[in-house]
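Structure incoming, see below.
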Number of protein chains: 2
Amino acid sequence: MATIYDIAKKANVSAMTVSRVINNTGRVSEKTRDKVKQVMEEMRYIPNSVARCLVTQESKIVSLLITDITNPFFTTMARGAEDAAMRHGYRLMFGNSDESFSKEKDYVEMILSMRVDGVLFAPSGDQSKEHLEWLQRQNVPFVLLDREVPGIDCDAVLGDSLDGAKRMVAEMIRYGHRRIALVNGAQDVSTARERQAGYIEALQEAGIELDESLIMQTSYSRVQDLSVAHWMELAPEARPTAIFAANNMLALSVLKSVRSLGLRVPDDLSIACFDDFGWVEEANPFFSVASQPAYEFGEQGMQLLLDRIKNREEQPRQIMLPCEILMRESVGKV
Amino acid sequence: MATIYDIAKKANVSAMTVSRVINNTGRVSEKTRDKVKQVMEEMRYIPNSVARCLVTQESKIVSLLITDITNPFFTTMARGAEDAAMRHGYRLMFGNSDESFSKEKDYVEMILSMRVDGVLFAPSGDQSKEHLEWLQRQNVPFVLLDREVPGIDCDAVLGDSLDGAKRMVAEMIRYGHRRIALVNGAQDVSTARERQAGYIEALQEAGIELDESLIMQTSYSRVQDLSVAHWMELAPEARPTAIFAANNMLALSVLKSVRSLGLRVPDDLSIACFDDFGWVEEANPFFSVASQPAYEFGEQGMQLLLDRIKNREEQPRQIMLPCEILMRESVGKV
DNA sequence: GTGAAAGCGCTAACAT
DNA sequence: ATGTTAGCGCTTTCAC
């Protein structure tokens, strides 16, 4: 590939002049500029951002690390982050940790060694603290998305998981459900803890006694073999009439299991969950959800990150985005 | 951040020795190696891949450019590509062109200037030729995914769009449908042309006359305002009893429009489409689809790409992946 | 087994 | 308005 020296030689100027033309910096005469531009066209010159990054110490690239690229909540978030980055002249590099600590580590290593300017980080869990401290030590700005990490005080865009879960469960209670099961993500993820707390508060306020056996701890990632059979085989009075899933992927796993038992939703069992299904839900409104503004998560997170890159000394800012309770077909009255 | 010189100084060796330790290349005595490793730990050294890339002229990064990050077909493909890349010691950089020529151009520029080792490229349409020729001129290896581009002879992983569409439409005919509408992507995308050809062949073989007014040309990207009202308002004998959507996103748009008209699927109208919905469909089997092995698209595409990076002179290879017809609830018998 | 020198492609700082 | 020099952090080559 052509370098600025190739251009310089052919245009009879110095490399520095070529650099000035490329970056629109410093004074270059109209005539020289045109000549250089013409030669760049001819030789199909493309600036080497690797070399540029090495000297300027900035890449104009920010990284977005999400935990599940097949989850519409995260891909919609990615779209928001992408649009905001582009608007400000930054390029976005996606990474997908797949809810896995070790894949997350791989991506953090890549991010660090590539010297990106900042990271939008949806942590896989509390252990991500290690990775975040790594970023801090290397002085790489980051913003947490969707999930907090205990012990890390930083910029973040979070949803109100406690409130959302509480309101959704309260709504199910209003529909007449008294035995509501919870299928939760792993306890080392902040949103899972908060959604469980919201679930418990809603039950308490309705005077319903908490039944620990109706809580299933699993994982936000695609769970292939999730089964609710042990609940559905209970005696009628012990059997849950509704299940609250702590995220959308879990709701799909629950639905799969329910369907495989030959049961219908909502006739035999109601299902609600956190996070919606983006485009799918819009066309095929089925699940009752506590919906979070995914696009805004990405957009506002990117805004925080770019601010932080400009000014590293500011106080950390936390943004909490509200969620909306949408009751749809999947929850029936008892 | 620490450099190899910082390490070298502290370990009382030369930078070259540090480099040897990092890369496990050349002979370094046990003692020196241990010492260097220890200092690297202490100083939390992270290699600067930007500097390394500048000298070695390779980044060990490949790029995956998809056209819709919210489409499960492409995100599943991304997972396949990611897994295959990781297995071979490459990092993956995602890009999302959003079915837009100009966003695609931005990403191609970034890819070129970052000097990635290769590109897995799902083109936005025939005009992508310009971008691909750009890559060719700069000698960047690439593999086409899902869509061909006329005039570009290269490695590719494609689905059998013609066959899939033909079989799906034939199946709908077998269900008793005679008036089947087609909601298609843009004509400048190879899969849209082929799916239309398959649709037409199936009708011909069944002796059904083609009615041009039952073909709608739109775009694969999320179409907010797609309406099928003009068809549904036709006299009963002219009205389609089924709609074949050329991809999954279009099927959702169709469903949305159908629902807004107060019609039920499949009772009032049947819907089928190309590509399935991944995880959603698995739990909630509704759409009849011509399903493509999305994960394998990514996986095999990455394999082709890494082969190509190793050996640039080989003949171009094309892989055609079969698709599977899955009849589900959304198509009823007439 | 280890080190010194040169250079990857670019830009910042300082000439002219 | 344009050019020269130096150096970003690393590896390649060659010398010891």
* Which part of the nucleic acid, if any, lies within contact of A:Val13, taking any heavy atom under 4.0 Å across all strands shown: a base, the sugar-phosphate backbone alone, or nothing? -> sugar-phosphate
* For B:Met16 and A:Val55, take the nucleotide of DNA chain D holding the closest heavy atom to each; which residue's nucleotide lies nearer the 5' end? -> A:Val55
* Structure fact -> For B:Asp117 and B:Lys60 the tightest heavy-atom approach is OD2-N, 2.7 Å
* Distance only, no hydrogens: is a donor on one side chain within 3.5 Å (strictly under) of an acceptor on the other, for A:Tyr220 and A:Thr191? -> yes
* Asked: Are any of B:Thr25's side-chain N or O atoms less than 4.0 Å away from OP1 or OP2 of D:dT11?
  -> no
* Asked: What integer distance in Å separates A:Leu54:CG from D:dC10:P?
  -> 9 Å
* Using a heavy-atom cut-off of 4.0 Å to chain B, what are the terminal contacting nucleotides of DNA chain C, in 5' to 3' order? -> C:dG1 to C:dG9
* To do: Have a look at A:Arg27 and say if it touches a base, only the backbone sugar-phosphate, or nothing, with a 4.0 Å heavy-atom cut-off.
  => base
* Derivation and outcome, side-chain hydrogen bond (donor to acceptor under 3.5 Å, both in side chains), residues A:Ser100 and A:Ser97 -> CA-CA 6 Å; A:Ser100 142; A:Ser97 70; over 6 Å; no
* Spacing of A:Gln57 atom CD relative to D:dG7 atom C1', expressed in whole Å -> 11 Å
* Which whole-number value in Å describes the distance from A:Asn23 CG to D:dT2 C1'? -> 16 Å
* Structure fact -> Between CD1 of B:Ile4 and P of D:dC8 the distance, given in whole Å, is 12 Å
* B:Ser124 and B:Glu99: side-chain donor and acceptor closer than 3.5 Å? -> no
* So, is A:Tyr5 close to the D:dT4 phosphate, meaning a side-chain N or O under 4.0 Å from OP1 or OP2? -> no
* Expressed in angstrom and rounded to an integer, what is the separation of B:Ile22 atom CD1 from D:dT12 atom P? -> 12 Å
* Quick one: on DNA chain C, does A:Arg20 or A:Pro47 contact a more 5' nucleotide (nearest heavy atom)? -> A:Pro47
* Can you tell me how far P of D:dG9 sits from CD of A:Gln138, to the nearest Å? -> 13 Å
* To do: Specify the separation, in whole Å, of atom CD of A:Glu58 and atom C1' of D:dC8.
  => 14 Å
* Asked: Which part of the nucleic acid, if any, lies within reach of B:Thr32 when heavy atoms closer than 4.0 Å are counted: base, sugar-phosphate only, or nothing?
  -> sugar-phosphate
* Sidechain N-carboxylate O distance under 4.0 Å for B:Lys129, B:Glu133 -> yes
* So, A:Tyr107 versus A:His131, ring centres under 6.0 angstrom or not? -> no
* Asked: Just to confirm, is there a sub-4.0 Å distance from OP1 or OP2 of D:dT11 to any side-chain nitrogen or oxygen of B:Ser19?
  -> yes
* Let me know the distance between CD1 of A:Ile7 and C1' of D:dT2, rounded to the nearest Å. => 18 Å
* Asked: Would you call B:Arg79 and B:Glu299 a salt bridge, using N to O less than 4.0 angstrom?
  -> no
* Could you work out which one of D:dT11, D:dA1, D:dG3 sits closest to the side chain of A:Thr17? => D:dG3
